[in-house]
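Working notes for the structure below.
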Amino acid sequence: MTDAATDAPAVDWSDPALRRRLARRHRGDMRLKAVGVAALGAACLMLAILVASLVWSGRHAFTQTHVTLAFDVSAEAVPRDDPADGRYRTIVREALYAHFPAVEGRSDQRALADILSDGAKWMLRDRVVANPELIGRTVELAVPVSDPYDQLAKGLVDPEAAEENRRLSDREIGWFRQLEEQGLISTPVNWGLIANADSRFPELTGLRGALWGSFYALLVCFLISFPVGIATGIYLEEFAPKNRWTDLIEVNINNLAAVPSVVFGLLALAVFIGWFGLPRSAPLVGGMTLALMTLPTIIIATRAAVKAVPPSIRDAALGVGASHHQVVTGHVLPLAMPGILTGTIIGLAQALGETAPLLLIGMNAFITQPPEGVTDAATALPTQIYIWADSPERGFVARTSAAICVLLAFLVAMNAVAIFLRKRFERQW
Amino acid sequence: MSGTACPFRPVTEFLFGLNWEPQIPIREGQVAAEGAFGWIPVLVGTLVITAIALFVAIPVGILSAIYLNEFASKRVRGVAKPVLELLAGVPTVVYGFFAILTVAPAIRAAGTAIGLDVSPNTAMAAGSVMGIMLIPFISSFTDDALNAVPRSLRDGSLALGATRGETMTKVLFPAAIPGIVGGVLLAVSRAIGETMIVVMAAGLIATLTVNPLDSVTTVTVQIVTLLIGDTAFDNPKTLAAFALGLMLFIVTLCLNVLALGVVRRYRELYD
Amino acid sequence: MGEHIVKSFDEQLVEIRAKISEMGGLAEELLSDSLKAVQERNTEIAESVIKRDKRLDALEMEVEELTTRVIALRQPMALDLRLVIAALKISATIERIGDLAKNIARRALHLSKTRTNSVTGSIVRMGRQVLGLLTEVLDAWGRRDVEAAVAVWRRDQEVDEAYNSLFREVITYMMEDAKMISIGSQLLFIAKNLERIGDHTTQVAEMIYYVEEGTPLGDDRPKGEPSGLELD
Amino acid sequence: MGEHIVKSFDEQLVEIRAKISEMGGLAEELLSDSLKAVQERNTEIAESVIKRDKRLDALEMEVEELTTRVIALRQPMALDLRLVIAALKISATIERIGDLAKNIARRALHLSKTRTNSVTGSIVRMGRQVLGLLTEVLDAWGRRDVEAAVAVWRRDQEVDEAYNSLFREVITYMMEDAKMISIGSQLLFIAKNLERIGDHTTQVAEMIYYVEEGTPLGDDRPKGEPSGLELD
Amino acid sequence: MTVTMEHEAINRQPAGSRDVKITARGVNVRYGETHAIKDVDVDILDRAVTSFIGPSGCGKSTFLRCLNRMNDTIPICRVTGEILLDGEDIYARSVDPALLRARVGMVFQKPNPFPKSVYDNVAYGPRIHGLVAGRGETDATVERALRRAGLWEEVKDRLHQPGTGLSGGQQQRLCIARAIATEPEVLLMDEPCSALDPIATARIEELIDELRENYTIIIVTHSMQQAARVSQRTAFFHLGVMVEYGETPKIFTNPDDKRTQDYITGRFG
Amino acid sequence: MTVTMEHEAINRQPAGSRDVKITARGVNVRYGETHAIKDVDVDILDRAVTSFIGPSGCGKSTFLRCLNRMNDTIPICRVTGEILLDGEDIYARSVDPALLRARVGMVFQKPNPFPKSVYDNVAYGPRIHGLVAGRGETDATVERALRRAGLWEEVKDRLHQPGTGLSGGQQQRLCIARAIATEPEVLLMDEPCSALDPIATARIEELIDELRENYTIIIVTHSMQQAARVSQRTAFFHLGVMVEYGETPKIFTNPDDKRTQDYITGRFG
Ligand SMILES: Nc1ncnc2c1ncn2[C@@H]1O[C@H](COP(=O)(O)OP(=O)(O)OP(=O)(O)O)[C@@H](O)[C@H]1O
Ligand SMILES: Nc1ncnc2c1ncn2[C@@H]1O[C@H](COP(=O)(O)OP(=O)(O)OP(=O)(O)O)[C@@H](O)[C@H]1O
Ligand SMILES: [Mg+2]
Ligand SMILES: [Mg+2]
Ligand SMILES: O=P([O-])([O-])[O-]
């Protein structure tokens with residue numbers, strides 16, 4: 001069988017050349033390892049910087065400066081029969097002027113009035129409407145200050161800077177300090193960020209509308225993509241005949257997963273809005289668009305999970321005389337379910353973060369009411385972020401970062417669930 | 001449709017035209033500033049940013065994957081993998097904001113420090129942030145490809161006296177290359193199609209340049225800017241946007257088909 | 001028959017065959033020498049035969065050990081298995097042949113004190129006949145020649161007949177001269193031994209047939225009524 | 001020794017052991033009957049012995065076939081293998097014992113025409129002795145009792161001595177009366193056969209030892225110089 | 001004719017008879033272009049163990065999988081010729097593969113218990129075929145199957161722990177129990193021991209030897225020794241042709257065909 | 001002592017001598033809590049085939065993998081006691097596993113050729129260790145290794161086609177050639193034939209028999225028959241203990257230990 005083994009010169013492993021070479025090889029190892037560490041470090045560092053800078057710049061949005069004033073809700077200013085229609089604007093101003101008797105003149109007073117947020121009068125009105133007994137009394141209420149003063153309170157306005165390129169004049173700063181000395185300034189947690197809907201005034205804006213919009217959109221997306229996705233995946237993997245048609249479909253689905261999201265936006269714009277005439281900016285359309293993008297993810301996840309079920313199980317079931325659909329429903333699907341769920345959650349997480357297509361279908365409108373249903377115009381978390389990011393006021397920078405933190409919180413939660421599922425159910429065959 | 005002739009420009013102008021100025025006649029019949037729709041500068045801009053992104057993502061992604069796959073201890077892997085997944089899960093709009101909030105100013109500062117003038121929305125910012133976004137993408141593809149290589153090969157190499165590094169560079173990595181290439185191709189198509197980062201961090205003006213410090217615009221930016229706000233379906237802006245969308249779709253489609261083909265064939269190698 | 005993929009197995013089988021042939025050759029020598037001893041009343045030869053038989057016993061042990069080992073280590077099947085089994089039995093048989101030859105030689109020692117007589121001639125003649133059979137059967141083994149083996153198997157009959165006539169001859173011879181009785185008895189045993197050797201050769205022949213054909217050679221061997229019982 | 005995981009293997013081994021015992025039992029019968037035939041000059045018994053020997057040959061074939069099959073189908077190792085090999089050899093030996101008994105019976109037929117004589121007695125006595133050995137060795141086989149086997153193996157010597165004295169007796173007896181020569185020669189062969197049977201029992205003993213101990217029982221068996229060559 | 005009638009028909013069988021159970025005539029199998037099985041004729045005896053041996057790729061598994069139509073699950077596989085189970089063509093249009101497979105059980109090379117409890121593994125077949133009604137009956141069936149598979153003693157205290165937790169040998173016996181549970185008439189085994197160590201293997205072989213009384217067993221094996229040990233009949237396949245088929249002792253002590261002899265004595269190529 | 005001295009020391013070996021090559025004393029291996037190998041002492045003969053047999057899970061592979069420190073690649077695995085190769089402790093700090101493994105080659109259960117050409121597969125070892133300089137030298141080494149592995153004739157026309165394209169048996173011989181190429185002194189084989197059919201197996205066994213002249217070979221196998229066929233010495237492991245070790249014929253015809261007897265005659269549990 002083998003030829004007379006022509007004997008080889010036995011290797012002398014102690015040959016210094018070999019030894020040197022060996023040392024070199026080990027150094028090579030160390031180098032490779034080092035670059036690896038560096039690369040990984042870089043990646044982690046990036047994430048760190050990203051999170052850090054967002055949290056840092058967002059931190060101010062989690063608190064809001066308030067000034068506590070005593071409002072004299074006199075019966076003549078607010079008619080008892082219809083509290084909603086009172087002259088609250090003057091009430092609020094009077095309350096502020098009371099602290100600055102020295103300030104005279106219309107223009108000065110108007111400037112002084114700018115300390116308070118526009119929302120102050122609405123807040124007072126809501127309070128009074130909520131319980132009319134207050135009419136004829138004085139009401140103690142903490143109302144938000146307007147953005148420039150909020151910035152000032154949070155030390156973002158540098159009083160030493162040249163007056164002309166400050167948003168606040170020395171005089172205005174003086175007023176505010178005065179209020180501070182009187183102990184009327186407080187900076188509680190800014191629940192408005194979650195509770196309020198969008199607004200032109202940073203100190204008043206909130207994510208309520210965006211959250212509901214995203215919720216409705218994801219709901220629609222889930223209701224469409226989950227059943228359809230699983231059904232398609234199972235069909236393709238288990239029942240579809242293997243011919244060029246199914247091959248074609250397969251290729252298409254795999255590609256769909258990698259098609260740029262903006263293209264889906266165009267599609268939705270042309271089809272859903274252009275042809276079907278569905279309402280612009282509606283979570284319904286958004287959800288349908290996102291469904292288009294989530295579908296391939298779920299289909300692929302389903303097929304992968306189904307493929308991962310070892311054929312030996314299939315054989316076993318067939319071997320005892322199970323019919324094909326019994327094999328699928330009784331063995332394949334249950335074993336594949338964790339994988340499918342994981343895929344779905346990840347898909348939804350992506351959908352939650354998708355922006356471009358929603359922009360194209362107009363879910364970036366300025367809407368101050370949270371949507372009542374899937375057909376109302378609404379924004380979504382990511383689009384809201386985009387809008388704020390575009391807004392000029394300084395206050396929106398912090399607000400945007402804060403909104404992003406909220407979004408990330410949701411995403412981390414969802415991914416955590418997915419990872420948990422994967423760990424919990426991963427099985428070695 | 002209303003009288004403008006814009007929709008009926010020769011396709012060649014769109015495909016080979018060297019300037020892109022999609023200003024719109026404000027009023028009917030105002031012929032003065034009629035937009036020019038040559039997509040080449042837009043395409044070049046896209047490619048520049050893509051290139052920058054890959055330049056960042058490929059080395060970092062692949063190397064970190066190699067480290068995790070071969071050298072990292074169980075604990076390091078336990079930490080690093082979720083981190084990367086998190087990085088992958090971050091929405092693009094966040095990256096976009098990150099770019100304008102942190103990266104662009106940083107680059108600018110750096111640029112001015114060494115006496116370069118860097119445009120406010122430089123391709124560098126958008127590109128490098130997009131690169132960060134692609135790191136986990138590439139590294140997970142590389143990791144999968146490396147894991148798909150049967151463990152027995154690793155044992156075989158080690159048993160011949162190869163060091164771990166040699167095993168990686170001479171056996172595992174070569175065996176995984178097809179899979180990795182597939183991953184990179186997908187990354188490219190994703191970079192080309194990426195929208196929010198560029199919309200927020202890149203420029204709007206289509207200038208035909210390859211200087212990474214200049215401001216360039218991309219296909220997706222144009223699509224979005226042209227379509228934001230209520231626009232009727234028959235005006236040239238919209239149609240131009242759709243044209244760009246079509247091109248975008250075709251290009252990415254080709255890339256994907258190629259990539260998936262590569263990956264599939266490679267998978268069959270070991271199944 | 002082709003070669004095994006594993007050569008060392010072939011080698012072992014060849015070794016077994018060789019050992020058997022060696023035993024056979026030795027047995028032949030012993031037989032022919034013992035006959036010479038009888039014919040020439042030669043004590044040295046007789047002695048040497050008796051000594052050399054030891055070697056034969058040793059060889060049998062070797063074959064037995066070798067076959068056991070092959071069975072344990074190689075799990076022979078079919079042809080190979082039959083060969084091993086046959087080797088086991090043939091070696092025992094040849095060892096017996098050796099014993100019988102030795103026994104003849106012993107008796108030759110005692111005859112040596114006497115002078116030769118007419119009977120000796122016919123004994124030696126019968127011996128040659130048996131020796132011929134033995135040689136043939138061993139050749140058949142070496143050549144794996146079934147026909148030859150069967151031929152030997154048939155011709156054993158002649159030996160039986162020769163034995164009977166010889167038996168009668170010796171008896172009459174003893175009757176003629178009572179002093180010859182003890183010598184005669186020795187001659188009788190020699191004849192008997194030769195007859196036994198004949199039988200054993202047939203057993204070898206049967207084994208050869210079994211190895212090559214896979215089936216035992218039927219028990220319908222033509223026998224001459226043995227050990228001359230037809231007188232009184 | 002524990003049982004095999006595969007019971008049918010145990011069964012086959014048990015079957016082999018059983019067949020050997022059966023052969024042994026039959027051989028004992030044949031021997032004792034042939035002796036009775038000699039003693040009582042009884043032709044029917046002699047005839048029946050000759051007939052029943054066929055059965056013994058058949059049994060040997062069966063054992064051979066069975067062992068071959070076990071080796072081919074079970075690849076026995078160690079203990080089991082030794083048992084199978086031993087069975088193969090023992091069966092051959094017992095078959096020989098049967099042949100010898102048959103041969104005795106044949107000669108008994110011829111003696112029947114003559115009246116009994118003094119020698120007959122001592123022959124039968126020797127026969128009983130041999131029979132005793134045979135019985136013991138077969139019990140040893142059944143009980144897997146090595147000591148017993150070795151004991152038998154040693155005591156074969158007695159048989160050899162008995163044979164020698166008997167030989168002398170017969171010779172003198174023939175010398176006294178020339179008419180007795182042919183009968184005497186028959187008696188001589190009977191004695192010789194008994195001596196052979198003794199030898200064969202020792203072989204069985206050796207096999208028993210080999211199976212249980214795994215090593216061959218040394219060849220240093222105490223032998224009485226056989227086949228009475230020590231006169232004049 | 002309706003399926004039910006058909007099956008009454010198939011079920012007509014000489015119970016307990018020791019004669020031919022499966023008859024194959026001129027069976028050919030093709031995978032696309034590869035001609036895996038060429039004109040195989042064979043009569044499988046009832047209540048006996050028949051083993052298929054031969055070099056790998058010779059078509060043993062393929063032919064085995066024809067006998068319970070497992071090949072139907074491979075699209076490119078085409079089977080021609082006729083295979084009769086108790087005289088009924090199992091490839092007749094009226095025969096339902098699911099029912100057929102309940103009657104012709106199969107055990108695979110790698111132990112493949114379902115990731116369910118031991119109990120549910122065994123109960124699975126009877127349940128889907130509606131052979132058991134109610135808890136008690138199921139329990140009885142499960143116990144009977146496990147006993148027959150010689151596993152009852154080992155698992156009776158852990159019936160409700162996952163079957164995948166057992167040792168390799170136990171898993172394989174569990175698979176046998178699962179196959180037995182539907183009271184099949186024939187058991188097909190494709191290299192059932194090749195993943196097990198000698199001890200587990202011996203256990204399975206012992207089991208096969210016991211099952212023989214009640215089932216017709218066909219076993220594919222790479223180990224000639226195993227074929228020799230467990231089977232009464234042996235078929236030798238070579239290049240898709242059934243070269244020789246006969247009594248196992250005959251095949252292993254004195255085969256007729258030179259190729260068989262060469263293969264079993266280790267002289268090939 | 002310095003590394004170089006160390007290695008000169010290791011290389012001091014009675015070339016061609018037929019005496020002890022590897023000595024193990026009081027070797028214990030633990031995987032976390034499981035105590036896989038218990039106090040194993042053994043002397044492996046030079047230029048002979050030694051086989052390890054025993055029920056699965058008894059520690060054969062584990063012990064084998066101690067001999068070229070493959071266990072170092074398993075984090076939780078701890079080895080104590082001493083293992084001497086030509087009298088030098090291979091677990092000494094000064095011994096480099098990479099070099100050790102070049103001198104103690106290994107062949108695995110499943111053929112695992114690299115997805116490279118046949119040529120590159122064989123050339124791999126010599127190249128990384130810098131044993132060959134230049135094309136010509138490499139060619140010579142590759143051919144020599146392939147010849148020794150009895151594969152040259154079959155592949156010499158397809159040296160540059162992928163090694164994964166060969167048949168299972170050829171692949172395994174390619175792996176052997178690959179291991180031989182670094183001129184090792186010892187070859188470890190872990191069930192090298194369990195994935196092959198009888199014919200390919202016979203080829204490998206034949207090969208092992210020839211390699212014996214030049215290498216010390218240790219083979220783990222589940223098939224007692226195989227151990228009996230190929231090895232001169234056999235060690236029987238049971239529950240991590242080496243129960244018996246001696247001449248193969250002795251072990252298989254007349255073992256001393258009852259457990260060994262029980263195992264090889266199939267009387268266990
Ligand atoms: N699913 C399949 N598709 C295509 N060809 C196949 C398929 N299964 C088997 N074959 C071919 O059919 C022939 C017989 O295969 P089969 O598995 O029956 O052989 P085998 O005797 O079982 O081999 P082994 O002993 O290795 O299992 C082989 O040439 C194989 O290549
Ligand atoms: N990587 C590992 N981690 C933990 N335990 C292990 C590992 N490898 C082996 N073991 C344990 O060590 C013991 C011996 O394993 P080993 O593989 O050496 O047995 P083996 O004799 O080779 O079995 P087989 O014949 O099935 O290969 C077993 O109990 C096994 O569970
Ligand atoms: Mg098969
Ligand atoms: Mg192992
Ligand atoms: O030992 P014998 O066969 O010659 O009696």
Side-chain angles (χ1 to χ4, degrees), chain A residues 25-26 28-33 35-40 42-44 46-47 49-50 53-54 57 251 254-255 257-263 265-267 269-270 274 280 346 349-350 352-356 359-360 362 364 382-383 385-386 389-390 397 400-401 404 407-408 411-412 414-415 419, chain B residues 59-64 66-68 71-72 80 82-87 89-98 100-102 132 135-136 139 163-166 168-169 186 189-190 192-196 199-200 220 223-224 227-228 230 233 241-242 245 248-249 252-253 255-257 259-260:
Chain A
R25 291 166 59 194
H26 283 304
D29 257 32
M30 296 320 296
R31 268 198 299 283
L32 182 59
K33 201 166 165 180
V35 243
V37 177
L40 190 57
C44 296
M46 295 304 176
L47 186 66
I49 294 177
L50 189 152
S53 62
L54 287 176
S57 76
V251 173
N254 291 340
N255 286 319
V259 167
S261 54
V262 63
V263 173
L266 288 169
L267 190 70
L269 184 59
R280 256 179 199 283
I346 290 180
Q350 287 171 357
L352 176 58
E354 269 310 334
T355 320
L359 287 184
L360 293 193
N364 57 338
T383 44
I385 291 168
Y386 174 68
D390 259 8
V397 176
T400 315
S401 304
I404 286 176
L407 176 59
L408 288 183
L411 293 179
V412 170
M414 291 170 89
N415 282 294
I419 291 172
Chain B
V60 178
I62 289 182
L63 286 171
S64 55
I66 286 180
Y67 175 75
L68 284 176
F71 298 100
V83 168
L84 287 177
E85 282 179 9
L86 211 58
L87 214 44
V90 174
T92 52
V93 64
V94 176
Y95 280 110
F97 185 65
F98 177 57
I100 48 179
L101 176 71
T102 314
I132 297 175
I135 289 173
S139 103
T163 63
R164 291 176 141 211
E166 286 163 337
M168 173 53 72
T169 52
L186 286 178
S189 91
R190 200 158 150 190
I192 293 178
E194 173 47 44
T195 311
M196 287 322 288
V199 165
M200 295 168 81
T220 48
I223 294 177
V224 172
L227 284 182
I228 279 186
D230 326 45
F233 280 94
F242 275 95
L248 182 60
F249 180 74
T252 51
L253 187 66
L255 280 168
N256 300 341
V257 172
L260 294 169

Looking at [atom1] of [X] and [atom2] of [Y], how far apart are the two atoms once the value is rounded to the nearest 0.5 Å?
{"X": "B:T163", "Y": "A:R25", "atom1": "OG1", "atom2": "CZ", "answer": "5.5 Å"}
{"X": "A:D29", "Y": "B:F71", "atom1": "CG", "atom2": "CZ", "answer": "5.0 Å"}
{"X": "B:I223", "Y": "A:L360", "atom1": "CD1", "atom2": "CG", "answer": "7.5 Å"}

**Item:** Top contributor to chain A interface from B:V224, B:T102, B:V93 [non-hydrogen pairs under 4.5 Å]
**Value:** B:V93
**Asked** Picking from B:S189, B:G61, B:G165, B:P59, which has the most non-hydrogen pairs under 4.5 angstrom with chain A?
**Response** B:G165
Contact part of [X] toward chain A, heavy-atom cut-off under 4.5 Å: side chain, backbone, both or neither?
{"X": "B:L84", "result": "side chain"}
{"X": "B:R164", "result": "both"}
{"X": "B:L255", "result": "neither"}
{"X": "B:E166", "result": "both"}
{"X": "B:T169", "result": "side chain"}
{"X": "B:I135", "result": "side chain"}

Counting heavy-atom pairs closer than 4.5 Å to chain B, which one of [options] comes out on top?
{"options": "A:V263, A:I404, A:L32, A:N255", "result": "A:N255"}
{"options": "A:I49, A:L267, A:D390, A:I346", "result": "A:I49"}
{"options": "A:T355, A:L407, A:L352", "result": "A:T355"}
{"options": "A:V37, A:T383, A:V397, A:V251", "result": "A:V37"}
{"options": "A:N254, A:N415, A:I385", "result": "A:N254"}

Under 4.5 Å from any heavy atom of chain B, what part of [X] do you find: side chain, backbone, both or neither?
{"X": "A:A349", "result": "neither"}
{"X": "A:L47", "result": "both"}
{"X": "A:S53", "result": "both"}
{"X": "A:L411", "result": "side chain"}

**Prompt:** With distance as the sole test, does B:E85 use its side chain to make a donor-acceptor pair with the main-chain N or O of B:L87 at under 3.5 Å?
**Reply:** no
Min side-chain heavy-atom separation [X]-[Y] under 4.5 Å:
{"X": "A:L408", "Y": "B:L86", "value": "no"}
{"X": "A:P382", "Y": "B:P91", "value": "no"}
{"X": "B:R190", "Y": "B:N256", "value": "no"}
{"X": "A:Y386", "Y": "B:V199", "value": "yes"}
{"X": "B:L101", "Y": "A:L54", "value": "yes"}

**Request:** List in chain and number order the residues that pass side chain to side chain contact (heavy atoms under 4.5 Å, CB included) with B:I100, two or more places apart in sequence or in another chain; answer none if no residue qualifies.
**Result:** B:F97, B:M200, B:A201
**Item:** B:T220: partners by side chain to side chain contact (heavy atoms under 4.5 Å, CB included), with sequence neighbours left out
**Value:** A:V262, B:T195, B:V198, B:T218, B:L248
